[in-house]
Amino acid sequence: RSGEMAKLTQLIDNEVFRAYATYTTIVLLKMMLMSLITAYFRITRKAFANPEDTASFGKGESAKKYLRTDPDVERVRRGHLNDLENIVPFLGIGLLYALSGPELSTALVHFRIFAGARIVHTFAYLIPLPQPGRGLSWAVGYAVTISMAYKVLKTALYL
């Protein structure tokens, strides 16, 4: 058991892993914020998906008008879905990358660019900024994840 604890301590002492943990926390908090923004837009636009969510606005037929879609709510939801589609792969590939022994400076470039791209992507979605801003920010983050995946496969190729 003490051998396992030593390994965990070594991982926490690993600067690349700490950088990964830092930027993973940032993008996960950003993704969680999208849930709150969705709720804010649902409440302010009075656009709900479930009948029980309309209870504070009336009963029966009077509440049914709030069971609807709203373009602003749907825009936020699409941004949140895009986070799920891009941040989840980053979590797994980024962890493997952090454990593959990259240089700290190279890892920081990967992690910082990914986090920055996701933040820019969110602003581009919510403001909205004209294209190609949103598309470019998505592509930059995606390319970073592919770059890390390539490094992992190159380092530990067991195909």
Side-chain angles (χ1 to χ4, degrees), residues 8 11-54 65-159:
L8 181 60
L11 187 59
I12 292 170
D13 288 340
N14 180 315
E15 287 184 287
V16 173
F17 181 78
R18 288 197 340 249
Y20 165 76
T22 299
Y23 287 95
T24 295
T25 301
I26 290 168
V27 295
L28 286 174
L29 285 171
K30 190 216 76 62
M31 188 168 68
M32 291 171 61
L33 180 62
M34 293 300 286
S35 296
L36 296 175
I37 295 170
T38 302
Y40 170 79
F41 273 79
R42 282 200 180 283
I43 292 166
T44 60
R45 304 314 192 263
K46 295 184 176 109
F48 301 99
N50 302 302
E52 63 272 16
D53 298 337
T54 66
K65 67 182 174 185
Y66 300 113
L67 285 174
R68 61 186 184 86
T69 59
D70 177 85
D72 294 332
V73 172
E74 293 308 309
R75 176 172 280 280
V76 176
R77 286 172 30 97
R78 287 191 304 273
H80 193 188
L81 179 59
N82 194 277
D83 274 352
L84 290 168
E85 293 169 349
N86 289 274
I87 291 174
V88 171
F90 169 81
L91 298 178
I93 292 171
L95 176 60
L96 296 173
Y97 173 75
L99 297 175
S100 72
E103 291 291 324
L104 176 61
S105 60
T106 305
L108 281 170
V109 166
H110 279 91
F111 301 153
R112 287 173 177 164
I113 290 174
F114 181 84
R118 292 313 305 170
I119 291 167
V120 168
H121 184 270
T122 296
F123 281 113
Y125 233 122
L126 296 180
I127 289 174
L129 296 177
Q131 284 288 27
R134 190 179 80 239
L136 286 174
S137 60
W138 170 84
V140 167
Y142 200 82
V144 167
T145 304
I146 294 296
S147 173
M148 291 187 301
Y150 174 77
K151 169 70 163 92
V152 169
L153 290 174
K154 186 178 169 195
T155 302
L157 194 61
Y158 281 103
L159 299 177

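Keep in mind it's a predicted model, so treat the numbers as computed, not measured.
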For [Y], is there any backbone N or O sitting under 3.5 Å from a side-chain donor or acceptor partner on [X]?
| X | Y | value |
| --- | --- | --- |
| Y20 | L91 | yes |
| R75 | L126 | no |
| N50 | D53 | no |
| T24 | A21 | no |
| N86 | N82 | yes |

* Asked: Using a distance-only test with no angle check, is there a side-chain donor-acceptor pair under 3.5 angstrom linking H80 and T38?
  ->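 Short answer, no.
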
* Asked: Under 3.5 Å, is there a donor-acceptor pair between the S147 and K151 side chains?
  ->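 No.
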
Using the test salt bridge (Lys or Arg N to Asp or Glu O under 4.0 Å), find all partners of [X] that sit at least two apart in sequence or belong to another chain.
| X | result |
| --- | --- |
| K46 | none |
| R45 | D72 |
| R77 | E74 |

* Do you know which of V140, I119, T145, I26 makes side chain to side chain contact (heavy atoms under 4.5 Å, CB included) with F114? ->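 Answer after filtering V140, I119, T145, I26: T145.
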
Distance check, rounded to the nearest 0.5 Å: [X] atom [atom1] versus [Y] atom [atom2]?
| X | Y | atom1 | atom2 | answer |
| --- | --- | --- | --- | --- |
| L28 | F90 | CG | CZ | 9.0 Å |
| T54 | R68 | OG1 | CZ | 12.0 Å |
| L99 | T155 | CG | OG1 | 11.5 Å |

* Asked: Are Y66 and F48 an aromatic pair by the rule of ring centers under 6.0 Å?
  ->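 Aromatic pair excluded; centres sit 6.0 Å or further apart.
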
* Asked: Would a line drawn from the ring center of H121 to the ring center of Y125 be shorter than 6.0 Å?
  ->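 Aromatic pair counts; centres sit under 6.0 Å.
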
Can you name the closest pair of heavy atoms from [X] and [Y] and give their distance?
| X | Y | value |
| --- | --- | --- |
| I93 | V152 | O-CG2, 4.3 Å |
| A117 | S137 | CB-O, 3.4 Å |
| A124 | G133 | CB-C, 4.4 Å |
| L67 | P51 | CD2-N, 3.5 Å |
| L84 | M31 | CD2-SD, 3.6 Å |
| V16 | A107 | CG1-CB, 3.8 Å |

* Asked: Restricting to pairs with a member in residues 103-128, which pass salt bridge (charged side-chain N to carboxylate O under 4.0 Å, His left out), not counting sequence neighbours?
  -> D83-R118

* Which residue pairs satisfy the ring-ring contact (aromatic ring centres under 6.0 Å, His included) criterion with at least one member in residues 27-46, sequence neighbours excluded? ->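 Of all non-adjacent pairs touching residues 27-46, none passes ring-ring contact (aromatic ring centres under 6.0 Å, His included).
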
* To do: Begin with the C-alpha distance, continue with both residues' side-chain angles, and end with the deciding distance and a verdict on side-chain contact (heavy atoms from CB on, under 4.5 Å) for Y97 and T106.
  => CA-CA 11 Å; Y97 173 75; T106 305; 3.5 Å; yes

* With T122 via side-chain hydrogen bond (donor to acceptor under 3.5 Å, both in side chains) - residues at least two apart ->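 Partners of T122 under the side-chain hydrogen bond (donor to acceptor under 3.5 Å, both in side chains) test: K30.
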
* For the pair Y23 and L108, evaluate side-chain contact (heavy atoms from CB on, under 4.5 Å) and give the outcome as yes or no after the intermediate values. => CA-CA 9 Å; Y23 287 95; L108 281 170; 4.0 Å; yes

